[in-house]
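Data block below; observations after.
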2 protein chains.
Amino acid sequence: MSETEPRTERSGRTDPAPGQAPSARPHTGRRRNEAAHRAILDAALDLLAAPDGAPVTIDAIARTAGVGKQTVYRWWPSKGAVLLDALTDRADQDVDGPDTGALRTDLRAFVATTFDAAQHGTTASALRALAREAARDPHLADLMRSFTATRRNALHDLLSRGRDRGELAGNADLDLIVDQVYGVFWYRFLLGHGPLDQDTAERLADSLVTANRGD
Amino acid sequence: MSETEPRTERSGRTDPAPGQAPSARPHTGRRRNEAAHRAILDAALDLLAAPDGAPVTIDAIARTAGVGKQTVYRWWPSKGAVLLDALTDRADQDVDGPDTGALRTDLRAFVATTFDAAQHGTTASALRALAREAARDPHLADLMRSFTATRRNALHDLLSRGRDRGELAGNADLDLIVDQVYGVFWYRFLLGHGPLDQDTAERLADSLVTANRGD
DNA sequence: GTTTGTCGAGACTGCTAGTCTTGTCAAGCG
DNA sequence: CGCTTGACAAGACTAGCAGTCTCGACAAAC
């Protein structure tokens with residue numbers, strides 16, 4: 001996800017013998033400018049992180065990056081793709097949840113980390129802007145779904161380990177627990193009517209363990 | 001909420017003696033056309049309910065209602081306000097939660113009803129469209145906040161009654177319980193990655209009671 | 001019959017996503 | 001060295017939509 005794909009096949013080959021080595025001339029012409037690539041991602045992140053919630057247009061991204069609009073669209077299919085790529089480029093390493101051997105501790109840490117990440121201005125406005133864009137761009141909404149799926153899977157694994165150790169009931173609905181965590185998170189994050197502090201994280205984690213323990 | 005307000009003061013009175021009967025001439029000129037008002041709300045609902053998820057523009061609403069755009073903007077401040085008004089106009093009566101005298105039963109019914117309401121095509125696409133609009137329109141986001149607050153309050157009251165009867169711990173975080181219900185609801189509703197069926201509703205309600213009971 | 005305010009119709013502005021065009025530059029090939 | 005290919009910056013252009021403005025018609029009060 002953090003490495004981008006070109007939106008269409010490059011190097012106008014017709015590939016008449018599929019399954020072959022990429023035919024004789026794999027590439028000619030000027031090479032892709034890696035600096036421009038980075039500049040676009042960085043500009044997107046900068047604008048996304050702007051606290052004023054400004055709309056983040058493609059024009060702005062291109063101008064900030066010192067790049068033509070076409071260069072953006074050559075490498076990403078839509079604005080949303082740029083934004084998501086910019087965000088995951090920064091954030092998709094740290095999805096491996098904690099593993100202390102005790103479910104309550106793991107879950108507390110996971111929830112606390114999740115809540116905490118959204119408290120920092122930069123990430124918060126970026127995430128908010130992303131959600132805003134995803135609401136209007138079906139393509140981005142798709143990407144967003146797989147983005148969130150990654151997070152959910154990490155949490156699901158954490159819970160699964162706990163269940164294997166007998167800390168959750170064998171018939172506990174892990175997906176529902178996962179969605180209770182991320183549901184509360186996004187709901188409060190986007191509406192902003194309630195806190196996402198460490199205290200809340202602990203209470204939520206503890207109550208989920210209590211409700212689903214297998215004794 | 002279901003009765004609309006004019007976007008600005010009507011009938012150019014200056015009201016020099018506040019707290020008085022509305023001064024001598026409360027209104028002159030042609031009266032508001034109630035039929036047009038209804039037609040707009042109905043058109044909005046129709047378009048919102050269209051299964052194809054089409055964008056629902058103001059032009060379309062006005063054209064469908066057989067009304068000039070200005071007539072829409074005379075009575076509502078933004079497109080989002082129209083949409084929200086159209087939706088609440090239909091839905092805001094039934095917020096009084098059940099009251100059977102037993103928390104588990106009440107909560108199950110409340111959650112089940114909430115989930116169920118979003119399964120019907122019309123309401124579902126309307127709600128989705130509304131969320132989409134709220135993401136880009138701060139004004140609507142505000143209206144949306146008070147809309148959701150009404151629902152949250154109904155659920156909070158339900159829980160509060162249960163706590164008074166001793167079915168929840170005295171220190172249970174009712175707001176967190178509320179947000180777990182609506183968090184799961186919106187999260188699954190908007191992402192569509194998991195079911196919102198009666199089974200889920202029951203499991204969620206039961207687990208929340210279990211986690212927060214006061215014994 | 002004059003004033004005030006609503007009505008339908010539609011032109012208009014302003015903003016943005018995404019495409020297309022143009023002229024330039026860099027890399028490989030002969 | 002010249003030719004071809006494709007990336008590049010700049011920016012014109014199209015299309016869709018929110019929201020405003022203008023116009024002529026009409027209706028209610030006075």
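What's counted below: heavy atoms across the whole structure, side chains too, no hydrogens, waters or symmetry copies.
Protein atom CH2 of B:W76 is 14 Å distant from nucleotide atom C1' of C:dT6, rounded to whole Å. In this structure, NZ of B:K79 is placed 15 Å from P of D:dG16, rounded to the nearest angstrom. The nearest whole Å value for the distance from the CZ atom in B:R132 to the P atom in D:dA18 is 12 Å. Atom CD1 of A:I40 and atom C1' of D:dA7 are 12 Å apart (whole Å). A straight line from CG of B:D59 to C1' of C:dA11 spans 12 Å, rounded to a whole angstrom. Regarding B:L140, its CG atom lies at a distance of 12 Å from the P atom of D:dA18, rounded to whole Å. Whole-Å rounding puts the A:E34 CD to D:dA7 C1' distance at 12 Å. The separation between A:I58 atom CD1 and D:dG16 atom P is 19 Å, rounded to whole Å.
Residue A:Y73 has its side chain nearest to C:dG18 when only C:dA9, D:dA7, C:dG18 are considered. Among the nucleotides D:dA9, D:dA18, C:dC7, the one closest to the side chain of B:W75 is C:dC7. Among C:dG18, C:dC7, C:dG10, the nucleotide with an atom closest to any side-chain atom of B:N33 is C:dC7. For A:A36, counting side-chain heavy atoms from C-beta on, the closest listed nucleotide (C:dA11, C:dC7, D:dC8) is D:dC8. Distance from the side chain of A:T57 is smallest for C:dA17 among the nucleotides C:dT6, C:dA17, D:dT20.
Electrostatic pairing of B:R188 and A:D175 does not count as a salt bridge here, judged by no charged N lying under 4.0 Å from a carboxylate O. Salt bridge B:R203/B:D206: absent, no basic N to carboxylate O contact under 4.0 Å. Salt bridge B:R38/B:D89: present, at least one basic N to carboxylate O contact under 4.0 Å.
Nearest-nucleotide mapping onto DNA chain C: of B:T71 and A:E133, the residue sitting toward the 5' end is B:T71. Nearest-nucleotide positions on DNA chain D place A:A62 closer to the 5' end than the other of A:A62 and B:G80.
Donor-acceptor pairing under 3.5 Å, judged by distance alone, is absent between the side chain of B:K69 and the base of C:dG8. With hydrogens and angles ignored, no donor-acceptor pair closer than 3.5 Å exists between the side chain of B:R30 and the base of C:dC7.
Once rounded to the nearest 0.5 Å, the distance linking CD1 of A:I177 with CG of A:L159 reads 5.5 Å.
For the OP1/OP2 pair of C:dT6 and a distance below 4.0 Å, the side-chain nitrogens and oxygens of B:R32 include no atom meeting the criterion.
Ring geometry for B:Y187 against B:H193 counts as perpendicular: the plane angle is over 60°, on a 0 to 90° scale with 30° as the lower cut.
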